[in-house]
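Have a look at the structure below before the remarks.
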Protein chains: 2
Amino acid sequence: MFNKVLIAEDHESSNISIRKALEDFGVLSNDYVYYCDDALTRISHAIRSGKPYDLLITDLSFDEDDTPQKISSGTELIKAVKEFQPDIKILVFSAESKPATIDNLFKELSIDAFVRKARRDVTELKLALEAIFNKKTYLSTELRRSIQLSNTYEFKEYDIVLITSLSKGMLQKDIPGYLEKKQIKPYGLSSVEKRLNYIKEALNFTKNEQLIAFCKDIGVI
Amino acid sequence: MFNKVLIAEDHESSNISIRKALEDFGVLSNDYVYYCDDALTRISHAIRSGKPYDLLITDLSFDEDDTPQKISSGTELIKAVKEFQPDIKILVFSAESKPATIDNLFKELSIDAFVRKARRDVTELKLALEAIFNKKTYLSTELRRSIQLSNTYEFKEYDIVLITSLSKGMLQKDIPGYLEKKQIKPYGLSSVEKRLNYIKEALNFTKNEQLIAFCKDIGVI
DNA sequence: GTTTTCCTTACGGGAAACCGTAAGCGATAG
DNA sequence: CTATCGCTTACGGTTTCCCGTAAGGAAAAC
């Protein structure tokens with residue numbers, strides 16, 4: 001069984017339920033915090049005291065309040081934690097449903113499990129704990145399917161720059177100047193046009209508006 | 001103390017925490033359901049059996065799953081419930097944070113309390129219960145303030161139609177034909193242009209792409 | 001050294017969007 | 001009945017976007 005588990009979750013209601021789920025699952029020792037900064041402190045202390053945590057359960061979005069934080073999101077927390085303790089297991093418990101975001105958690109941050117706050121979330125939490133304990137990863141089949149669907153086109157860094165610029169209201173004809181200033185190549189207007197056309201072609205879209213809507217939906221911008 | 005309380009909340013984790021909060025508050029009898037339809041059934045049965053509920057605690061958004069429902073949202077549920085039992089107290093517990101929506105709940109549906117799923121939500125739940133028990137309404141001062149400050153643009157049905165059309169790739173010049181077919185007025189191209197300009201003006205945007213991104217962010221499309 | 005290939009950039013014609021102005025038209029008041 | 005107001009629609013000029021084609025330039029192949 002897990003020896004030490006840390007919960008980083010700002011919502012009191014979720015925090016309570018996670019604790020209860022851990023209890024039901026048979027985890028004896030767990031700590032909980034409401035802020036990312038506190039989580040990082042606890043983890044570094046635990047390492048120094050020779051009793052590191054096995055598992056971090058964390059939310060992704062943390063509300064801001066009148067206690068200013070250095071780390072303000074779950075993804076930042078995970079990155080920071082992994083620098084201290086690369087082998088710690090990570091379970092993300094979040095309301096996030098955008099496929100691209102979830103996909104990135106596994107690929108970039110190599111988390112071990114993702115459970116969406118939803119109908120059967122506590123049941124899924126326990127399944128995820130079980131999976132992690134058996135050195136596997138966990139993602140509900142429902143979410144796994146939606147990730148596959150959204151992976152029709154792989155957005156490059158360059159694509160994201162273009163699409164983000166458009167979504168901020170930049171004129172297409174002004175993008176070349178912007179790219180040049182940022183030393184991003186290619187920066188010719190034709191290349192921008194060509195690339196955008198290529199993306200839209202690949203996704204079977206005709207208009208920029210459609211592309212923006214899609215990217216927002218899957219969470220790449 | 002409340003004699004009978006019903007909880008309508010699809011997220012298992014939230015449901016558990018609400019139950020615990022009620023327990024802590026000293027409510028002896030509470031029932032809970034995961035679907036709106038079940039909630040309505042329970043309430044009507046309770047009336048017929050002569051032991052109606054005092055209080056309904058409900059979420060606003062319910063995930064769809066493979067169990068099709070007649071009532072799919074908290075607002076619909078509240079409307080339906082109030083027809084059966086106009087004097088029932090309503091506490092809405094939701095992650096919703098849009099001031100306009102919350103404002104409407106009090107004004108149109110005359111709910112008694114709203115607690116946002118947030119940092120201290122369980123504590124607030126108890127405060128809200130206390131308030132309702134004393135025949136008052138409850139809304140956290142933080143949210144009360146944000147409702148007053150809310151000067152965000154209010155999207156009309158018509159706006160949503162236009163923006164949705166764009167986000168689906170429809171050409172602006174084709175929108176008039178679409179509107180006419182759907183009997184939506186005004187349908188002139190100039191009116192469409194004018195309206196879109198008006199919206200962008202109000203939000204300080206210059207391009208459609210920006211507008212689409214914004215609407216996706218705040219969830220109106 | 002020349003040719004080929006691939007990628008980037010430049011250019012120009014046509015379509016769509018943008019924007020200001022004017023005309024149409026129903027409701028209401030005088 | 002006429003005048004005014006508010007709203008919708010029509011029109012035309014300008015800008016931006018779209019898209020095909022061609023020129024430039026660097027790396028690889030011959």
Side-chain angles (χ1 to χ4, degrees), chain A residues 152-218 220-221, chain B residues 100 151-218 220-221:
Chain A
T152 42
Y153 176 83
E154 183 129 352
F155 287 89
K156 309 284 179 229
E157 192 67 24
Y158 185 71
D159 302 336
I160 307 294
V161 174
L162 298 185
I163 295 167
T164 306
S165 303
L166 287 176
S167 77
K168 287 184 179 162
M170 191 176 287
L171 289 177
Q172 205 162 293
K173 78 180 175 70
D174 291 337
I175 292 182
Y178 170 77
L179 292 177
E180 194 172 7
K181 210 167 61 189
K182 288 233 168 184
Q183 316 236 22
I184 299 171
K185 280 170 47 167
Y187 54 81
L189 179 57
S190 295
S191 296
V192 171
E193 293 172 339
K194 195 174 179 179
R195 187 71 198 168
L196 283 171
N197 278 338
Y198 173 76
I199 302 169
K200 281 182 279 187
E201 172 87 14
L203 291 165
N204 237 317
F205 293 162
T206 55
K207 304 263 309 163
N208 283 343
E209 285 91 333
Q210 222 173 344
L211 179 59
I212 302 281
F214 176 77
C215 289
K216 280 289 179 188
D217 276 341
I218 68 167
V220 299
I221 60 168
Chain B
N151 47 0
T152 48
Y153 178 80
E154 181 136 352
F155 287 90
K156 308 284 178 230
E157 191 68 22
Y158 185 72
D159 302 337
I160 307 295
V161 174
L162 297 185
I163 295 167
T164 306
S165 303
L166 287 176
S167 77
K168 287 184 179 163
M170 192 175 287
L171 291 176
Q172 205 161 294
K173 77 180 176 72
D174 291 337
I175 292 183
Y178 171 76
L179 293 178
E180 195 173 6
K181 209 169 60 189
K182 287 232 169 186
Q183 317 237 22
I184 299 170
K185 280 171 45 166
Y187 54 79
L189 179 57
S190 294
S191 296
V192 172
E193 292 172 340
K194 194 173 181 182
R195 186 72 197 167
L196 283 170
N197 278 337
Y198 172 76
I199 301 170
K200 281 183 277 188
E201 171 88 13
L203 291 165
N204 234 321
F205 293 160
T206 55
K207 304 263 305 163
N208 282 343
E209 285 92 333
Q210 222 174 342
L211 179 59
I212 302 282
F214 175 78
C215 289
K216 279 288 179 190
D217 277 341
I218 67 169
V220 299
I221 58 169

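In what follows, every chain begins at residue 1, and chains take the letters A, B, ... in the order their sequences are listed.
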Looking only at atom types and distance, does a side-chain atom of B:Q210 sit under 3.5 Å from a main-chain N or O of A:S167, one as donor and one as acceptor?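 Checking the backbone N and O of A:S167 against the side chain of B:Q210, no donor-acceptor pair under 3.5 Å is found.
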
Is there a donor-acceptor pair under 3.5 Å between the side chain of B:S165 and the backbone N or O of B:V161?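 Looks like yes, one N/O pair under 3.5 Å.
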
pair [X]-[Y]: side-chain heavy atoms closer than 4.5 Å:
X      : Y      : value
A:Q172 : A:N208 : yes
A:I199 : A:F205 : no
B:Y158 : B:V192 : yes

Does any residue of residues 157-180 of chain B have a heavy atom under 4.0 Å from DNA chain C, and if so, which ones, in number order? B:L171, B:Q172, B:K173

Nearest-0.5 Å distance that lies between atom OH in A:Y178 and atom CG in A:L171: 14.5 Å

Taking atom CG of A:L211 and atom CG of A:L162, what is their separation to the nearest 0.5 Å? 9.5 Å

Which heavy atom of [X] sits nearest to which heavy atom of [Y], and what is that distance?
X      : Y      : value
A:I163 : A:I212 : O-CD1, 3.7 Å
A:E209 : B:L166 : CB-O, 3.3 Å
B:L179 : B:Y187 : CB-CB, 3.6 Å

Give me the residues of residues 188-197 of chain A where at least one heavy atom lies under 4.0 Å from an atom of DNA chain D, by number, or none. A:E193, A:N197

Under 4.0 Å, heavy atom to any atom of DNA chain D: which of residues 204-214 of chain A qualify?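 Within residues 204-214 of chain A, no residue comes under 4.0 Å of DNA chain D.
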
How would you list all residue pairs meeting salt bridge (Lys or Arg N to Asp or Glu O under 4.0 Å) that involve residues 189-206 of chain A, not counting sequence neighbours? A:D159-A:R195

Residues forming a side chain to side chain contact (heavy atoms under 4.5 Å, CB included) with A:P176, sequence neighbours excluded: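 By the side chain to side chain contact (heavy atoms under 4.5 Å, CB included) rule, A:P176 matches A:L189.
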
Need two values: the first and the last nucleotide of DNA chain C, 5' to 3', having an atom under 4.0 Å from any heavy-atom of chain B.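 Terminal contacting nucleotides, 5' to 3': C:dA16 to C:dC19.
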
